[in-house]
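Both counts, for ligands and for their atoms, begin at 1 and track the order of listing.
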Amino acid sequence: MKIIEARNYEDMSKKAASFIIEKVNGSSAPVLGLATGGTPLGTYRFLREDHLNNQTSYQHVYTVNLDEYVGLSPDDDNSYTFYMKKELFGHIDIPASHTHLPDGMAADLQGECRRYESLIERLGGVDLQLLGLGMNGHIGFNEPGTPFSSETHVVELTDSTRKANARYFDSLSSVPAQALTMGIATIMRSKQILLLVSGKKKAGILAKLLSEQPNEDIPASVLNMHQDVVIIADSDALSIVKERSMAF
Ligand code: PGA
């Protein structure tokens, strides 16, 4: 694992955007695995600004997102489809037909999970998967205890994840109870992984992920078994790691 220290959230976001832009400019048909949540917002802002100022083109880029809520329509402003349009796709020149998220409105959710796995395979796999880190070590919506062998599946969201995400909804009861997510095995098949971590509140879980043997109680610990992981973390997120001089 390669760890890049950023000064703060802005610096982390800028470094992450540069990393992605390099991949976009350096490949003929890159497949980007994208993430939602608070962490990548700054990265997407830098990508928008770069597209505007430097005309980086995304016409040759394909994307697959990690996850989507079950039961929210694409124009619901809490759906991840809406988030991606608002934060990125609506501002760059990527063809809409190149962008993919699991369909949380599918009548047959199991069938949708299989379709999503075959779609990723048909695209030739993910070249670069962007990840955030949950407070409990989750990646995507893969909560503690999710088998490392899991592929795209339906999850019952835990109370802690629903509470953490309730800030975006009118009330806790309107946070969906289920989501579709790429599984741990799906994520691990990505050729390269870029994990972004920011803030003091993530310092404990980042230290844990870097010090523990891979185990299913900390989903992100699986990343220790991947050949090509880059972590961009700000100094707040790295504070405990540095205290214990685990990685430096
Ligand atoms: P956050 O979420 O980026 O909003 O902190 C990360 C996650 O839960 O995966």
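Annotation for ligand 1: atoms under 4.0 Å from non-hydrogen atoms of Gly37 are 3 (O), 4 (O). Heavy-atom proximity to Gly134, at under 4.0 Å, picks out these atoms of ligand 1: 7 (C), 8 (O), 9 (O). Set against the non-hydrogen atoms of His138, the atoms of ligand 1 under 4.0 Å away are 7 (C), 8 (O), 9 (O). Atoms of ligand 1 lying under 4.0 Å from at least one heavy atom of Gly38, given by number and element, are 1 (P), 3 (O), 4 (O).
In this structure, Glu49 does not pair ionically with Lys14, as no charged nitrogen and carboxylate oxygen lie closer than 4.0 Å. A salt bridge does not link Arg45 to Glu87: none of the charged nitrogens lies less than 4.0 Å from a carboxylate oxygen. Ion pairing between Glu151 and Arg189 holds under the 4.0 Å rule for side-chain N and carboxylate O.
Close to ligand 1: Arg167, with a non-hydrogen atom less than 4.0 angstrom away. A heavy-atom separation below 4.0 Å is not found between Met135 and ligand 1.
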Evaluation steps, ring pair (Phe, Tyr, Trp, His ring centres under 6.0 Å), between Phe89 and Tyr58: CA-CA 10 Å; Phe89 300 153; Tyr58 293 77; 9.4 Å; no
What verdict does the side-chain hydrogen bond (donor to acceptor under 3.5 Å, both in side chains) test give for Glu216 and Thr146, after you've listed the backbone C-alpha separation in whole Å, the side-chain angles of each residue and the deciding distance to 0.1 Å? CA-CA 6 Å; Glu216 292 177 352; Thr146 307; over 6 Å; no
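The distance between the ring centers of Tyr168 and Tyr83 does not fall below 6.0 angstrom.
Looking only at protein heavy atoms, the nearest one to atom 5 (O) of ligand 1 is Lys202 NZ, 2.7 Å. Given atom 6 (C) of ligand 1, the protein heavy atom at minimum distance is Leu133 O, 3.6 Å.
With a 4.5 Å cut-off between side-chain heavy atoms of Ile, Leu, Val, Met, Phe, Trp and Tyr, the cluster of Val70 takes in Leu109, Val154, Leu180.
At a 3.5 angstrom cut-off on N or O pairs, Tyr168 does not count as close to ligand 1. Note: an N/O pair closer than 3.5 Å links Thr39 and ligand 1 by distance alone.
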Show the atom names and distances, to 0.1 Å, of all donor-acceptor pairs under 3.5 Å that link a side chain in residues 193-206 to residues at least two apart or in another chain.
from: Ser198; atom 1: OG; to: Asp234; atom 2: OD2; distance (Å): 2.7
from: Lys202; atom 1: NZ; to: Leu133; atom 2: O; distance (Å): 2.8

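Looking at Leu131 against ligand 1, nothing comes within 4.0 Å, counting heavy atoms.
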